[in-house]
Protein chains: 2
Amino acid sequence: MQMKATVPITAADIKSACSQCNLLELCLPFGMNEHEINRLDELVGTRRKVKRQQHLYRAGDPFEAIYAIRIGWFKTDVVLEDGREQVTGFQMTGEMLGLDGISTEAHSCNAVALEDSEVCVIAYDKLEELSREVEGLQHQFHKVMSREIVRDHGVMMLLGSMRAEERLAAFLLNLSQRFTARGFSAAEFHLRMTRDEIGSYLGLKLETVSRAFSRFQDDGMIAVQQKHIRILDPEKLRKLIQHPVAVR
Amino acid sequence: MQMKATVPITAADIKSACSQCNLLELCLPFGMNEHEINRLDELVGTRRKVKRQQHLYRAGDPFEAIYAIRIGWFKTDVVLEDGREQVTGFQMTGEMLGLDGISTEAHSCNAVALEDSEVCVIAYDKLEELSREVEGLQHQFHKVMSREIVRDHGVMMLLGSMRAEERLAAFLLNLSQRFTARGFSAAEFHLRMTRDEIGSYLGLKLETVSRAFSRFQDDGMIAVQQKHIRILDPEKLRKLIQHPVAVR
DNA sequence: GGGTGAGTTTGACGTGGATCAATGGAGCCC
DNA sequence: GGGCTCCATTGATCCACGTCAAACTCACCC
């Protein structure tokens, strides 16, 4: 009900086609054969544009579809009654959103665009239907869900067992690796999120994030200029995680 | 390969049947109709006993099956190269284990029995096969995976945004609720895990867990005697989470 | 061009939880 | 029944990160 209001003029009704999409290698179709991918075209009905700061969905919205990001960046977060917010993930091109909704048939978190973005809308009932026929789709979908679970465990490790600088190092290396997978530079990129959002994701205050950035810069590991990041010494960042407290 | 070694004499080869199982309401079959559940019996081939402290699977083991807990308790954890351990969950009767393995076809965490336990072994290839035919199974399986994702987000909230006592309160209330769902007392139960394991799960040191228990007891919210817990004032525990810092 | 506001950086200080250390059970085995 | 081992509790101290506050940067707009 509220959903409509969040996509005022921006909803687009363009027919999309996985078989024509250059995100094949990153997105749901990965690992499927040509025939299977052609059948996917039945599935992905429409695209939807979401402007920066707008919600793709909100906690509580009825669950109807999952989304594949074509262009842009999102964050997902959960909010406690008292207003405390926890960012649960940052999603980029080729990644999936909305899997949390299957369990209760309502979304359990918010998904907000960090920049003007566009997603493919995958009607969930159709996805189930088609994945009963197309083995490759079924398998790939299960992998996507499982990967999300594994990712979440990684975040738990980060939040539960690592110190501030280790968390940020892990975060930067993770971003770098995801950019690489998309053919972008591993060493130089723009952050789409604020220090506050990074902090929420990493279980830190924004000041702590900022200080860690500065420290990394002083130590020659990175160059920071606002949201622009250059990774100068990825190996040193990796070591930081493996050998938590430098020399102790 | 290593797997075999971890189930020495305990592996049982008893034919099990979901349709005869009293965990119907809690386990994978939940929400399926009678006909569908009968077909499930094809799926759950064997049971396996796992003694306390033994691994059901280890990170790196090839993924072949998921597991439904019939009897007992498990923990799952991930371990960093430097030995730091993060408990990612505690699983009890009727809950699923092994979903993390689908994504890479190898398990990404360890599953260890906290007491002598027994699981139903669900061969994954058969599960995919059958869930292409049985709509209710497919849907239910997706819900189980999605529920795990939602649960993980809750843990992230806990680790990223809550203080020590809030984390422990949330943990106790969660246990209480899961016991209730199984027909056990909501107010009185035995913990199967040590303070250290609770601490790992909650991102705290064991001393902090112990102190929080003591404080809850002093405040009349619970009665603790080693692993035996009685919840005396669940409402006060809930309030603790909703109104984080008492009077501020 | 200067005013406004959101986001970031940096400093000074406070504190929640970690660390270190000692003591106290409970279960188990000989 | 006494000693061993594992776990839990409690106290004293420390420190990583949070909090509070001020200044700085950049974008945007009138």
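These numbers were taken from a predicted model, which means no experiment stands behind them. Side chains are part of it too, since the values below use all heavy atoms of this structure and drop only hydrogens, waters and symmetry mates. Throughout, protein chains are lettered first and strands after them, A, B, ... in sequence-line order, and every chain is numbered starting at 1.
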Whole-Å distance, Phe213(B) CZ to dG25(C) P, equals 19 Å

Could you check whether any side-chain heavy atom of Val155(B) comes within less than 4.5 Å of a side-chain heavy atom of Thr88(B), counting everything from C-beta outward? no

Looking at side-chain heavy atoms only, is the closest gap between Phe189(A) and Ile231(A) below 4.5 Å? yes

What's the CG-C1' distance between Leu202(A) and dG18(D), to the nearest Å? 15 Å

Rounded to whole Å, how long is the line connecting atom CD of Glu166(A) with atom P of dA16(D)? 12 Å

Phe74(B) meets the ring pair (Phe, Tyr, Trp, His ring centres under 6.0 Å) criterion, sequence neighbours left out, with none

Rounded to whole Å, how long is the line connecting atom CD of Glu197(B) with atom P of dC6(D)? 14 Å

Neighbours of DNA chain D within residues 71-79 of chain B, by heavy-atom distance under 4.0 Å: none

Apply side chain to side chain donor-acceptor pair (under 3.5 Å) to Asp196(B) and list each qualifying residue two or more places apart in sequence or on a separate chain. none

State yes or no: are the ring centers of Tyr201(B) and Phe90(B) separated by less than 6.0 Å? yes

Are the side chains of Val150(A) and Thr104(B) in contact, using a 4.5 Å heavy-atom criterion? no

Less than 3.5 Å apart, which donor and acceptor atoms pair up between the side chains of residues 212-223 of chain B and the rest of the protein, not counting sequence neighbours?
residue: Ser214(B); atom: OG; partner: Ser210(B); partner atom: O; Å: 3.1
residue: Arg215(B); atom: NH1; partner: Glu165(B); partner atom: OE1; Å: 2.7
residue: Arg215(B); atom: NH1; partner: Glu165(B); partner atom: OE2; Å: 3.1
residue: Arg215(B); atom: NH2; partner: Asp219(B); partner atom: OD2; Å: 3.4
residue: Gln217(B); atom: OE1; partner: Val224(B); partner atom: N; Å: 2.7

For dT10(D), take OP1 and OP2 only and decide whether either is under 4.0 Å from a side-chain N or O of Ser214(B). yes

Can you tell me how far P of dT8(C) sits from CD1 of Ile198(A), to the nearest Å? 8 Å

Of all heavy-atom pairs linking Ser146(A) and Ser103(B), the shortest is OG-N, 2.9 Å

Can you give me the bend angle of the helix from dG1(C)-dC30(D) to dC30(C)-dG1(D)? Use the axis through the first five pairs and the one through the last five, nearest 10 degrees. 30°

Arg84(A) atom CZ is separated from dG18(D) atom P, nearest whole Å, by 14 Å

For a quick check under 3.5 Å, do Gln86(B) and Ser161(A) share a side-chain donor-acceptor pair by atom type? yes

Rounded to the nearest angstrom, tell me the gap between atom CD in Gln225(A) and atom C1' in dA27(D). 15 Å

Quick test: give all pairs of protein nitrogen or oxygen and nucleotides 15-18 of chain C nitrogen or oxygen below 3.5 Å, distance rounded to 0.1 Å.
residue: dG17(C); atom: OP1; partner: Ala164(B); partner atom: N; Å: 2.8
residue: dA18(C); atom: OP1; partner: Lys205(B); partner atom: N; Å: 3.3
residue: dA18(C); atom: OP2; partner: Lys205(B); partner atom: N; Å: 3.3
residue: dA18(C); atom: OP2; partner: Thr208(B); partner atom: OG1; Å: 2.1

Grab the CG-P distance between Leu191(B) and dT9(D) for me, whole Å please. 10 Å

Residue pair Leu173(B) / Ile241(B), side-chain heavy-atom distance below 4.5 Å: yes

I'd like to know if the side chain of Arg167(A) and the backbone of Leu158(A) have a donor-acceptor N/O pair within less than 3.5 Å. yes

